[in-house]
Amino acid sequence: MTVEEQIREIIARITHVDKSLITREATFKDIKADSLDIVQTLVAVEEAFGIEIPDEEAQKFQNFGDFVSYVEGRVVQKERV
Amino acid sequence: MSFEGKLALVTGGGRGIGRAIALKLASQGADIVVNFFRRREAAEQTAEDIRALGVKAEVIRANVGDPAKVDEMFDTIGNKFGRLDILINNAASGVGRSVMDIDVKAWDWTMDINARACLLCAQRAARLMEGRGGKIVSLSSLGSFLVWPTYAIVGVSKGALETLTRYLAIELAPRGICVNAVAASFVETEALKFYFTEGLNQDNIPTTPAGRRVTPEDVANVVAFLCSEEAFMIRGQTIIIDGGSSICSPLFSFKKND
């Protein structure tokens, strides 16, 4: 499963939203996720990939595409280390 | 009041009230472990500001709502320092909802971080205080007994924290550990701005007989006192820091200074 697919799975599990709605262009607001959904998603993604996503970084994400790209970058970085 | 040679853990110590407490204890000579969960930059900045005061600072990331992470954090402290003198249970989170909108997820999240974590941290801290005694101070809120809009889950969690404080105070007294709590009214922090956005009109804040709103430093001063030997005979209490607002009848009229 790709990073994108794994993140989509996590978001769907936490927010109970159909995966088809979680496109790269979609935002948390679009799928009506509240602040708790968002923080739990970040924590679950951090644990799934063994990375840290500080709120300072998460606040810069415009949509899920940005979120996925950030995680992909961190995973590559981690593998290099 | 000196905390020279003491080691203090401040959960949620990177920002707001936790940061003010960490800096206050550090200014009196304590080395500080700054725990954070979501805001690394803020925690690192607080640690840097603590080091500038001439004491040691360590940053540890842990979601205190997760028992495994609490264990990891205390394992790290145990391995690195082998002791702990002061625990400040400050980390808090919450979901702003009215009672009819509360679901299990929001309840568990808030209770795990605001109440259960205080127990788990106190249990682990007490072991690191073995043979030397210590101080535990937890951060409650006036919302534990006053009903604030959308504050239900947090209010309940703070009520649990205050009751836990009484049990800990008595059961840990033979170990030489003093346990207390503080409860502030609205404190000028980033979290307060978030609360206004979510559910409260700022103009609804009652006026304060003391003439201004509570600051993080006001809270830190009381916490530091409770961590001192001067407060040795205070046990299991929740000290209210609100400039008199909670006991003041609305029949009184005060000039609004804030």
Side-chain angles (χ1 to χ4, degrees), chain A residues 6-19 21-22 27-64 66-81, chain B residues 12 14-16 34-47 59-70 72-73 91-98 101-114 117 150-154 157 190-191 193-199:
Chain A
Q6 284 183 73
I7 291 178
R8 191 171 286 120
E9 289 271 348
I10 290 168
I11 295 171
R13 174 167 50 82
I14 289 170
T15 61
H16 306 291
V17 164
D18 193 278
K19 275 192 276 185
L21 298 173
I22 308 167
T27 66
F28 277 113
K29 199 176 170 188
D30 293 338
I31 61 166
K32 296 185 173 54
D34 64 16
S35 56
L36 181 54
D37 290 327
I38 296 169
V39 73
Q40 288 190 328
T41 297
L42 291 171
V43 172
V45 170
E46 285 177 336
E47 284 179 0
F49 296 98
I51 58 168
E52 182 181 325
I53 311 168
D55 278 357
E56 294 93 340
E57 294 298 326
Q59 282 162 357
K60 295 177 194 161
F61 304 155
Q62 298 289 320
N63 52 34
F64 292 130
D66 288 351
F67 187 10
V68 170
S69 301
Y70 177 83
V71 174
E72 283 170 341
R74 293 298 308 276
V75 170
V76 169
Q77 207 176 28
K78 195 182 147 206
E79 280 164 2
R80 280 196 194 129
V81 174
Chain B
R15 295 184 290 158
V34 178
N35 155 259
F36 79 100
F37 176 32
R38 303 294 327 157
R39 301 285 181 95
R40 178 174 286 280
E41 276 179 28
E44 297 286 1
Q45 182 60 55
T46 297
V59 172
I60 300 182
R61 181 174 194 247
N63 170 13
V64 294
D66 181 340
K69 304 291 180 200
V70 170
E72 279 174 26
M73 174 169 67
S93 186
V95 184
R97 292 192 189 161
S98 55
D101 296 325
I102 294 171
D103 58 18
V104 171
K105 190 164 87 168
W107 174 273
D108 286 348
W109 174 265
T110 309
M111 294 298 283
D112 288 354
I113 292 175
N114 296 6
T150 72
Y151 202 75
I153 321 179
V154 181
S157 70
E190 205 181 312
K193 284 177 206 149
F194 183 75
Y195 181 51
F196 288 138
T197 315
E198 294 280 296

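Just so it is clear: chains get the letters A, B, ... in the order the sequence lines come, proteins before strands, and each one is counted from 1.
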- Query: When you measure from the side chain of B:K105 to the backbone N and O of A:I14, does any donor-acceptor pair fall under 3.5 Å?
  - Reply: yes
Those residues at least two apart in sequence (or on a different chain) that pass side-chain contact (heavy atoms from CB on, under 4.5 Å) with B:A92 are B:N114, B:K158
Checklist line | Heavy atoms of other groups near A:Q59 CD, more than 12 under 6.0 Å | finding: yes
The salt bridge (Lys or Arg N to Asp or Glu O under 4.0 Å) partners of B:R97 (sequence neighbours excluded) come to A:D34, B:D103
Ordered numerically, the heavy-atom neighbours of chain A under 4.5 Å found in residues 37-44 of chain B are B:F37, B:R38, B:R39, B:R40, B:E41, B:A42
**OP:** Decide side-chain contact (heavy atoms from CB on, under 4.5 Å) for B:D66 and A:E47; before the verdict, give the C-alpha distance in whole Å, the side-chain angles of both, and the deciding distance to 0.1 Å.
**Re:** CA-CA 12 Å; B:D66 181 340; A:E47 284 179 0; 3.9 Å; yes
By salt bridge (Lys or Arg N to Asp or Glu O under 4.0 Å), A:K19 pairs with (sequence neighbours left out) A:E9
